[in-house]
Amino acid sequence: MKLYYTPGACSLASHIALREAGLPFDLEAVDLGSKKTAGGADFLAINSKGYIPALALDDGAVLTEGVSIMLWVAAQAPTKGLAPNAASPQYPKLVEWMIFIATELHKAAGGLFNPAYPDEARTIMKANLARRLDWADQALAVGPFLMGNVFTVADGYLFTVFSWLPHLGLDQGKWPNLNAHFTRVKARPAVAAALKGEGLAG
Ligand SMILES: N[C@@H](CCC(=O)N[C@@H](CS)C(=O)NCC(=O)O)C(=O)O
């Protein structure tokens, strides 16, 4: 299978999930401006939505939407504990985290990369994001991971979005529990390998 990604973007969370799962995969970078892959293919022919991540499976199917990809990857490696069993009471709690990160953090932070928003809009967007980060910081007071003692795909996703804050002029230190979580996740060998694989090590 092959993960289509852009260095440091939300596809990093799917990349981390694949590395944590220990599954074999290839990587191909996508230029989001030209919608061309590193190999010169038309990315829109691979994912007509035009955004990463996209995971092309060996049977020809293409998964899109990070949450869907990460939950599928977790299910391929059940012994790794990247998601609770789907019939367990913990599973919907993981899905809650995934949806919270996708809709309240990822999209809020991602929008701030768009320079077209005027300053007044950016101020409101940043305040909304900060409010959600405040809540997540409190929720992580117990930890060490979002689901307790076990690292799940939600932790790689939160790590990815939190890594964007300095690029948005937001101080990671304002959220001490999230910041400690970020450091903890970054130290994982699979995460270091994903960062290196995207040319982001260091
Ligand atoms: N709903 C998608 C959104 C993915 C997304 O926002 N991807 C961004 C990078 S983080 C992107 O590719 N943007 C380029 C575009 O929308 O054209 C998901 O959750 O996977």
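We count ligands from 1, going down the list as the structure has it; atoms in each ligand are counted the same way. Note that the structure is predicted; figures quoted are calculated from it, not measured. In this chain, residues are counted from 1 in sequence order.
- Residues Leu44 and Gly50 share a closest heavy-atom pair of CD2-CA, 3.5 Å.
- Not one N or O on the side chain of Trp164 forms a donor-acceptor pair closer than 3.5 Å with the backbone of Cys10.
- Applying the salt bridge (charged side-chain N to carboxylate O under 4.0 Å, His left out) test to every pair with at least one member in residues 24-45, sequence neighbours left out, gives these pairs: Lys2-Glu28.
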Distances for all N or O pairs of ligand 1 and the protein under 3.5 Å?
from     : atom 1 : to     : atom 2 : distance (Å)
ligand 1 : 1 (N)  : Glu65  : OE1    : 2.6
ligand 1 : 6 (O)  : His106 : NE2    : 3.4
ligand 1 : 6 (O)  : Lys107 : NZ     : 3.1
ligand 1 : 7 (N)  : Ile52  : O      : 2.9
ligand 1 : 12 (O) : Ile52  : N      : 3.1
ligand 1 : 17 (O) : Lys35  : NZ     : 2.7
ligand 1 : 20 (O) : Gly66  : N      : 2.8

Enumerate, atom names and distances included, each donor-acceptor pair closer than 3.5 Å involving a side-chain atom of residues 108-121, sequence neighbours excluded.
from   : atom 1 : to     : atom 2 : distance (Å)
Asn114 : OD1    : Ala116 : N      : 2.8

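- Ring geometry for Tyr157 against His106 counts as perpendicular: the plane angle is over 60°, on a 0 to 90° scale with 30° as the lower cut.
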Pair up each side-chain donor or acceptor in residues 93-103 with any protein partner under 3.5 Å, not counting sequence neighbours, and list the distances.
from   : atom 1 : to     : atom 2 : distance (Å)
Lys93  : NZ     : Glu96  : OE1    : 3.1
Lys93  : NZ     : Glu96  : OE2    : 3.2
Trp97  : NE1    : Leu146 : O      : 3.4
Thr103 : OG1    : Ile99  : O      : 2.7

